[in-house]
Protein chains: 2
Amino acid sequence: MSAKTVLIVDDEASIREMIAVALEMADYRVLEADSAQTAHAMVVDHQPDLLLLDWMMPGTSGIELARRLKRDETTAELPIILLTAKSEEDNKIQGLEAGADDYITKPFSPRELVARLKAVLRRTTPRGVEEAVEVEGLVLDPASHRVSAHGSAVEIGPTEYRLLQFFMTHQERAYTRSQLLDQVWGGNVYVEERTVDVHIRRLRKALGDTHQHLIQTVRGTGYRFSAKG
Amino acid sequence: MSAKTVLIVDDEASIREMIAVALEMADYRVLEADSAQTAHAMVVDHQPDLLLLDWMMPGTSGIELARRLKRDETTAELPIILLTAKSEEDNKIQGLEAGADDYITKPFSPRELVARLKAVLRRTTPRGVEEAVEVEGLVLDPASHRVSAHGSAVEIGPTEYRLLQFFMTHQERAYTRSQLLDQVWGGNVYVEERTVDVHIRRLRKALGDTHQHLIQTVRGTGYRFSAKG
DNA sequence: TGCTAATGTGACAGAGTTGTGACAGCAACC
DNA sequence: GGTTGCTGTCACAACTCTGTCACATTAGCA
C-alpha cells in the first residue's frame, strides 16, 4: 500500500510542524499550506488523499474552503478533517454540514489525530475489485491472499507474494532489477539490486519444479515472467 | 413485504397521536410508549422494526435509552430516529453518537417524517436473513445468539461474537486489521489496529484446539477465516 | 578452452510482525 | 459500595521475514 498524502492547512506554523511530525512518524507524506487560498491551489496541483483543515483562519475560513471543495466535482471526494478549538464546539454541526468527514477538537494528542485520520481514510477509500490470475495451473488470488499450484497451497512471504503478483499481472515483459525495486518494493527504498536476485530465488524455490520455469532470467537485464518457453 | 412496526416514544399523548395517524395512513403498524422505561420493555416484547424516540422526556431521557439499546446485542440493530426540539439542535451530535440513525427537528410535517422513516428503514433492513452458519462442526446461530463446537457451547464475549460472525459469513478472504475494525467495530471508532490481534487471540482461545485453525494469520496483511488448510 | 562478468545459492544477523499475559478503566448488576 | 465481565492498551516474548554477504556456478565471448 503506497503512502497517503495529507495536506495540512493552518496559519500557525508551530501547529503544522507538530502535526507534520506525528504524521511522518506514521508514514504519511505531508504537505503544508498556511492559508485557504494556497491550500486550494495545492489540492488541485498535488491531489492529496486527505485534508487537515483549521477552522479559524484569517481570510477565507476553513469552513468556507471545505464547502467550496465539496461542491466542486473534481475535489468532492477528498476527505476533510476539521480542526476546531474547544470553545467553538457548537460549530461541529456547521462543519459536518459543510461536508467535513470528521472534526478534531484542539488540543488533541498526536495519537488521536493519527487514529481518526486512519479511520476517515479507511471508510472513504474504496476497495478495488481484485480478480484472481492463473497461469498453467498457478493461481494467485488477491481476495484470499493465496497462491496455489494445481490446487495445493504455495507458501511464500509477503515480498515474494507482491513480486509474483506483479509478474503475473505484467507478463511477457522483461524488467530490470531497478524497475522491480520500484514496482514491488516501492519507489523510495534503498536496497541493493542484488536483493532482487535473492527474492527471485526464493520465489522460484517456492514455486517448485513445476512452475519455476515461468520466471526467466534475462541476462544483462533482469527478469521476465512468461508462459512461453 | 409485511408491514413494519414502529414504536413511538414520547411523553406527550397528542404528539404520539399525530404521528400514529400519519404512520397508519402510510401502512405501518404502530405501538406507543410514554416513557423510556415502558419503551424498553416494549422493545423487548414486541421487537419493533423502528423506534421513534423523543429526546426530552421526564425520567430516563431518550438519548439514555438510545445508548442503552445500541449497547445491547439483542437490540443494537434496531434503527432509531430521534425527535428533537429546534432549540436543542446542538444535541444532534450527541444523538448521532449515541447511535441514532437519524434525527428530526420539531416541528415537522407528517410527510417529512414518513420520508425519513422510509429512508432509514431502507438502509438498515437488509440485515440479511439470519441463518445459522456451520463450518466443521462449529455453529454460529444468530437467532439464539449462540456459538457451539460439535454441540458443546463456546463462551465468547460480544466483540468476539461479532468477529466470528463476520468471518463465518465472509470466508476465504483476507482482511486487513483496518477492514476488520470497519466491519466489526464500525467505521467511526478510533481503536489501535493491534487491538484486532488481541481479539483474534481471544477468539482463537475460545474456539480451542479443534477449531482455531480456521482463523489464519496472513502475514503482512491481516487475517482470514477458511476451512481449507 | 579459458577468462570474465553475471547470476545462483546458503547462511546469518537484524528488523519487523504477530502472539500472549497482564492490567486499568468502564459499565452493568447485584 | 463491591463484584463481575468486557474492552482496549501495553510490554515483552516468540517468531518470521528481509537484506546482505561470501562463495559457487553459469553464460557469453575471444
Side-chain angles (χ1 to χ4, degrees), chain A residues 1 25-27 109-112 114-116 118-119 145 155-164 174-178 180-181 184-186 188-207 209 212-213 215-224, chain B residues 40 44 60 64-76 98-99 145 154-164 174-178 180-181 184-186 188-207 209 212-213 215-224:
Chain A
M1 209 192 298
M25 277 179 34
D27 257 344
S109 75
R111 237 193 35 200
E112 185 194 355
V114 172
R116 302 184 83 145
K118 268 189 194 161
H145 209 272
E155 299 294 341
I156 53 179
T159 306
E160 284 72 44
Y161 180 89
R162 291 199 309 275
L163 188 56
L164 181 60
Y175 292 93
T176 65
R177 290 169 178 73
S178 150
L180 289 172
L181 282 178
V184 178
W185 274 253
N188 32 17
V189 284
Y190 176 68
V191 275
E192 296 289 324
E193 295 209 335
R194 294 282 333 257
T195 297
V196 174
D197 297 30
V198 178
H199 283 278
I200 289 280
R201 149 96 176 122
R202 285 170 181 156
L203 183 51
R204 279 174 170 159
K205 201 171 182 180
L207 292 184
D209 294 339
Q212 61 177 1
H213 67 276
I215 297 175
Q216 296 148 16
T217 305
V218 183
R219 204 148 234 273
T221 304
Y223 299 93
R224 171 182 57 209
Chain B
H40 194 281
V44 175
T60 313
E64 192 58 37
L65 176 61
R67 203 171 278 138
R68 200 184 314 155
L69 288 172
K70 285 293 177 183
R71 223 162 26 214
D72 185 341
E73 284 273 328
T74 58
T75 55
H145 208 269
V154 175
E155 299 295 339
I156 52 178
T159 304
E160 283 71 41
Y161 179 88
R162 290 198 309 275
L163 188 56
L164 182 59
Y175 293 93
T176 64
R177 291 170 177 73
S178 195
L180 290 172
L181 283 179
V184 178
W185 275 253
N188 293 313
V189 289
Y190 316 112
V191 173
E192 294 289 323
E193 297 207 335
R194 294 279 338 253
T195 298
V196 174
D197 297 32
V198 177
H199 283 276
I200 288 279
R201 149 102 175 116
R202 287 170 181 157
L203 183 51
R204 279 175 170 159
K205 203 170 183 181
L207 292 183
D209 293 339
Q212 61 177 359
H213 68 276
I215 297 175
Q216 296 149 13
T217 304
V218 182
R219 208 151 225 275
T221 301
Y223 299 93
R224 171 182 55 209

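Reminder, nothing fancy here: chain letters follow the sequence lines and each chain counts from 1. Both backbone and side-chain heavy atoms feed into the values below; hydrogens, waters and symmetry mates do not.
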Checklist entry - Under 4.0 Å between a side-chain N/O of A/W185 and OP1 or OP2 of D/dT18, yes or no? => result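 No, because none of the side-chain N or O atoms of A/W185 sits under 4.0 Å from OP1 or OP2 of D/dT18.
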Next on the checklist: For a quick test of reading the model: is some side-chain N or O of B/T217 closer than 4.0 Å to OP1 or OP2 of C/dT17?
Outcome noted: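 No, no such contact exists.
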Checklist entry - Where each residue is assigned the nucleotide of DNA chain C containing its nearest heavy atom, which of A/V218 and A/R202 is assigned the position nearer the 5′ end? => result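 Counting from the 5' end, the first nearest nucleotide belongs to A/V218.
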Distance check needed: [N] [atom2] versus [X] [atom1], whole Å only.
X: B/K205; N: C/dA22; atom1: NZ; atom2: C1'; answer: 11 Å
X: A/R177; N: D/dG19; atom1: CZ; atom2: P; answer: 15 Å
X: A/Y190; N: C/dA15; atom1: OH; atom2: P; answer: 17 Å
X: A/Y175; N: C/dT7; atom1: OH; atom2: P; answer: 18 Å
X: A/H199; N: C/dA11; atom1: NE2; atom2: C1'; answer: 15 Å
X: A/I200; N: D/dG19; atom1: CD1; atom2: C1'; answer: 15 Å
X: B/Q212; N: C/dG19; atom1: CD; atom2: P; answer: 11 Å
X: B/R162; N: D/dG8; atom1: CZ; atom2: C1'; answer: 13 Å

Next on the checklist: Test of understanding: with ring pair (Phe, Tyr, Trp, His ring centres under 6.0 Å), list the residues that count as partners of A/Y223, not counting sequence neighbours.
Outcome noted: none
Checklist entry - Which part of the nucleic acid does A/Y223 contact within heavy-atom distance under 4.0 Å: base, sugar-phosphate only, or nothing? => result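 Since only primed, P, OP1 and OP2 atoms lie under 4.0 Å of A/Y223, the category is sugar-phosphate.
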Next on the checklist: For a 4.5 angstrom cut-off between non-hydrogen side-chain atoms, does B/L65 reach B/H40?
Outcome noted: yes
Item to check | Heavy-atom check, side chain of A/V198 versus side chain of A/E192, under 4.5 Å | outcome: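 Contact flag for A/V198/A/E192 side chains = no.
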Just the table, please: protein N/O against nucleotides 10-17 of chain D N/O, every pair under 3.5 Å.
unit_1 : atom_1 : unit_2 : atom_2 : d
D/dC10 : OP1    : A/R111 : NH1    : 2.5

Next on the checklist: Would you call the rings of A/H199 and A/W185 parallel, tilted or perpendicular, taking 30° and 60° as the class edges?
Outcome noted: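 Perpendicular, since the angle between the ring planes exceeds 60°.
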Checklist outcome for this item: Across all chains, not counting sequence neighbours, the side chain to side chain contact (heavy atoms under 4.5 Å, CB included) partners of A/V184 are A/R162, A/L163, A/F166
Checklist entry - Can you name the nearest heavy-atom pair linking A/L207 to A/Q212, along with the distance? => result CB-N, 4.2 Å
Item to check | B/R224 side chain vs B/V218 backbone, donor-acceptor pair below 3.5 Å | outcome: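 Absent.
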